Amino acid sequence: MTQEVRVRYAPSPTGQLHIGGARTALFNYLYARHYDGKFIIRIEDTDTERNIESGELSQLENLTWLGIHHDESIDIGGEYGPYRQTERLDLYKKYADEMLEKGHAYKCFCTPEELEAKRDAQKASGIAAPMYDGTCRHLTAEEVAEKEAAGMTYSIRMRVPENITYTIEDLVRGVVTFESKDIGDWVMVKTNGIPTYNFAVVVDDHLMKISHVFRGEEHLTNTPKQLMIFDVFGWEHPQFGHMTLIVNEDRKKLSKRDESIIQFISQYKELGYLPEAMFNFFALLGWSPGGEEEIFSHDELVRLFDETRLSKSPSMFDTNKLTWVNNQYIKKLSLEEVIDLTLPHLQAAGLVPEKMSEQEQTWVHDLIALYQGQLSFGAEIVDLSAQFFQDTVEYDEQATEILSGEQVPEVMASLKNQLETLEVFDAPSIKAAIKAVQKETGHKGKNLFMPVRVVATGQTSGPELPDAIALIGKEKILQRVEKFAK
């Protein structure tokens, strides 16, 4: 590309980093890195009433945690700052005044009550998409001066050109056209002097030399309003790419109120998901590298990213796929890294003390090692290992059915005898003891191993059985076998 690639992610600090925002940031980031460009984070904080104190920090910290590193923003600066919109109000005023002077915009003195009445009247007459009726569009300079002298507040509206077709070559959707007749004169600057999104974003994108904009398809309807501003000043607009919606497993648009999906990146971080796995998963949420491979490193995704392979269909947020991807990454960790990932969760659950003896540490580390291959995320260790911290086990319906087998009492009696005689209670010795039970009773396969597992752990599946029994301990296992016998 001859033009320097400069892309931006522009969140509002009205909440924590959401999975939709994270995906938007990621695709912009991959595009920038693929073409050796710059990735900018701009904070669009003009909705002052909804901003929250931790909003900016959540965006920056969680994006960095994911491995999405920015080149310019509020924290590190850059030559196109400031990077917070409330610090750029003088710039918006300058361009709004210029548009007023040249007649591309006008002052609107309609009150909120009057505007609401107009909307209600249009809806009542059958107009599905009400638009401003242009009451103030044709006010003379004298009428404007009179209203201002009377102390009336005003907003500034864009004077929408008549009979204009706006066209973009969307990087995802191809050619998209809009007609100006479908858009009413819209508010550029509110009565409090704060610019609206569609005005401020154009000024910022131009002054920051943004070359490409990847954003969600909900912004598609904003595009013609923004093109109007670009045209008024004779500025070249960025290339747009409107990414498809993220939907849940019911194929419904993802909502922040959807409790079937964890919504915020900080929650995944707290649960013990790996940032590399999240990066990998989000990259495949609406984009495909081709082929069957699904696990890629950060650098591989940067190298492979191709905007022409962005999906035109909604992207399903598959939680099972995410846990599978995360499991693939956990399997590749060293045991020390898995311990660092999981131990805090065992401690937070009160299962493991903060300070441990060397013997206790060895036991806990062996326990964690037992589950490395199964773990989908760090916090899962608490549920997976529950049987190791219980004095007794409860049997669910499936377990009860297994224990109703006619061979089970004989298997348990033989197991009890074999385990009682063990002087060394480790996995190899336990494996040999179970082998002896098989030889003594003649039962093998599921008829042997499933009852032993259920009585020992209360579960029908899990890690290697001898390893699990060794960690549970001789005394506790014999108690469980005796309880079953009674």
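Residue numbers run from 1 in the order of the sequence given. Everything quoted here is computed from the prediction, not taken from an experiment.
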Around atom [atom1] of [X], are there more than 12 heavy atoms from other residues, nucleotides or ligands closer than 6.0 Å?
X: Glu162; atom1: CD; answer: no
X: Lys209; atom1: NZ; answer: no
X: Glu464; atom1: CD; answer: no
X: Glu116; atom1: CD; answer: no
X: Glu146; atom1: CD; answer: no

Checking [X] side chain against [Y] main chain: does a donor-acceptor pair fall under 3.5 Å?
X: Arg6; Y: Met208; result: yes
X: Glu114; Y: Thr111; result: yes
X: Tyr268; Y: Ile262; result: yes
X: Arg88; Y: Pro82; result: yes
X: Asn327; Y: Leu375; result: yes
X: Trp287; Y: Phe27; result: no
X: Ser180; Y: Asn163; result: yes

Q: Quick one: pull up CG in Leu284 and OG in Ser311 and give me the separation to the nearest 0.5 Å.
A: 12.0 Å
Evaluate the side-chain proximity of [Y] to [X]: yes if any heavy-atom separation is below 4.5 Å, no if none is.
X: Lys225; Y: Phe199; answer: no
X: Thr223; Y: His237; answer: no
X: Leu207; Y: Val203; answer: yes
X: Leu89; Y: Leu91; answer: no
X: Ser315; Y: Met243; answer: no
X: Ile210; Y: Ile40; answer: yes
X: Leu301; Y: Leu30; answer: yes
X: Lys190; Y: Ser155; answer: no

Under-4.0 Å salt bridge between [X] and [Y]:
X: Arg33; Y: Asp71; value: yes
X: Glu294; Y: Lys321; value: yes
X: Asp47; Y: Arg50; value: yes
X: Lys93; Y: Asp97; value: yes
X: Asp185; Y: Arg159; value: no
X: Asp205; Y: Arg42; value: yes
X: Glu72; Y: Arg8; value: no
X: Arg84; Y: Glu44; value: no
X: Glu143; Y: Lys147; value: no
X: Glu148; Y: Lys107; value: yes

Heavy-atom closest contact ([X] atom, [Y] atom, distance):
X: Pro314; Y: Val247; result: CB-CG1, 3.9 Å
X: Ala25; Y: Leu63; result: CB-CD2, 3.6 Å
X: Met188; Y: Met99; result: CE-SD, 3.5 Å

Q) Centroid-to-centroid, Phe39 to Tyr9, below 6.0 Å? A) no
Q | Tyr166/Phe178 aromatic ring centres below 6.0 Å | A |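 Judged by ring-centre distance (under 6.0 Å), Tyr166 and Phe178 do not meet the cut-off.
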Q) Are Arg157 and Tyr132 in a cation-pi setup, meaning NZ or CZ lies under 6.0 angstrom from the ring centre and within 45 degrees of the ring axis? A) yes
Q: Step by step, work out the side-chain contact (heavy atoms from CB on, under 4.5 Å) result for Lys38 and Glu4.
A: CA-CA 8 Å; Lys38 295 289 193 299; Glu4 181 189 22; 3.6 Å; yes
Q) So among Asn62, Leu57, Ile68, which one has a side-chain contact (heavy atoms from CB on, under 4.5 Å) with Leu17? A)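 Exactly one option meets the side-chain contact (heavy atoms from CB on, under 4.5 Å) with Leu17, and it is Asn62.
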**Q.** Name of the residue among Ile381, Leu341, Thr342, Val338 meeting side-chain contact (heavy atoms from CB on, under 4.5 Å) with Gln372
**A.** Val338
Q.
Applying side-chain contact (heavy atoms from CB on, under 4.5 Å), can you list everything that pairs with Ser334, at least two apart in sequence or on another chain?
A.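 With sequence neighbours excluded, Ser334 shows a side-chain contact (heavy atoms from CB on, under 4.5 Å) to Glu336, Glu337, given in chain and number order.
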Q) With sequence neighbours excluded, what pairs up with Ser73 under the side-chain contact (heavy atoms from CB on, under 4.5 Å) test? A)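 By the side-chain contact (heavy atoms from CB on, under 4.5 Å) rule, Ser73 matches Ile41, Leu60, His70, Asp75.
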Q) Do Thr308 and Asp306 pass the side chain to side chain donor-acceptor pair (under 3.5 Å) test, and can you show the C-alpha distance, the side-chain angles, and the key distance before you say yes or no? A) CA-CA 5 Å; Thr308 65; Asp306 178 354; 2.7 Å; yes
**Q.** Tyr35: which of Glu307, Gln3, His212 passes side-chain hydrogen bond (donor to acceptor under 3.5 Å, both in side chains)
**A.**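 Answer after filtering Glu307, Gln3, His212: Glu307.
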Is there a donor-acceptor contact under 3.5 Å linking the side chains of [X] and [Y]?
X: Asn51; Y: Thr14; answer: no
X: Gln459; Y: Gln387; answer: yes
X: Glu217; Y: His242; answer: no
X: Asp133; Y: Thr135; answer: yes
X: Asn198; Y: Thr196; answer: no

Q.
Could you walk me through whether Gln16 and Ser54 satisfy the side chain to side chain donor-acceptor pair (under 3.5 Å) test, starting with their C-alpha distance in whole Å, then the side-chain angles of each, then the deciding distance to 0.1 Å, before giving a yes or no?
A. CA-CA 8 Å; Gln16 309 298 311; Ser54 60; 3.0 Å; yes
Q.
Suppose the criterion is ring-ring contact (aromatic ring centres under 6.0 Å, His included): which pairs have a residue in residues 85-127, not counting sequence neighbours?
A.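 Output for this query lists Tyr95-Phe233, Tyr95-Trp235, Phe109-Tyr154.
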Q. Which is it for Leu285 and Asp318 under the side-chain contact (heavy atoms from CB on, under 4.5 Å) test, yes or no, and what are the steps along the way?
A. CA-CA 9 Å; Leu285 197 61; Asp318 186 341; over 6 Å; no
(Q) Taking ring pair (Phe, Tyr, Trp, His ring centres under 6.0 Å) as the criterion, tell me which of Tyr29, Phe305, Tyr329, Phe282 meets it with His298. (A)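 Among Tyr29, Phe305, Tyr329, Phe282, the one that satisfies the ring pair (Phe, Tyr, Trp, His ring centres under 6.0 Å) with His298 is Tyr29.
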Q | Single hit among Phe240, Phe214, Tyr197 for ring pair (Phe, Tyr, Trp, His ring centres under 6.0 Å) with His219 | A | Tyr197
Q: Would you please test Asp36 and Val5 for side-chain contact (heavy atoms from CB on, under 4.5 Å) and show each step?
A: CA-CA 7 Å; Asp36 296 321; Val5 168; over 6 Å; no
Q.
Below 30° counts as parallel, above 60° as perpendicular, anything between as tilted: where do the rings of Phe281 and Phe317 land?
A.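 Plane angle over 60°, so perpendicular.
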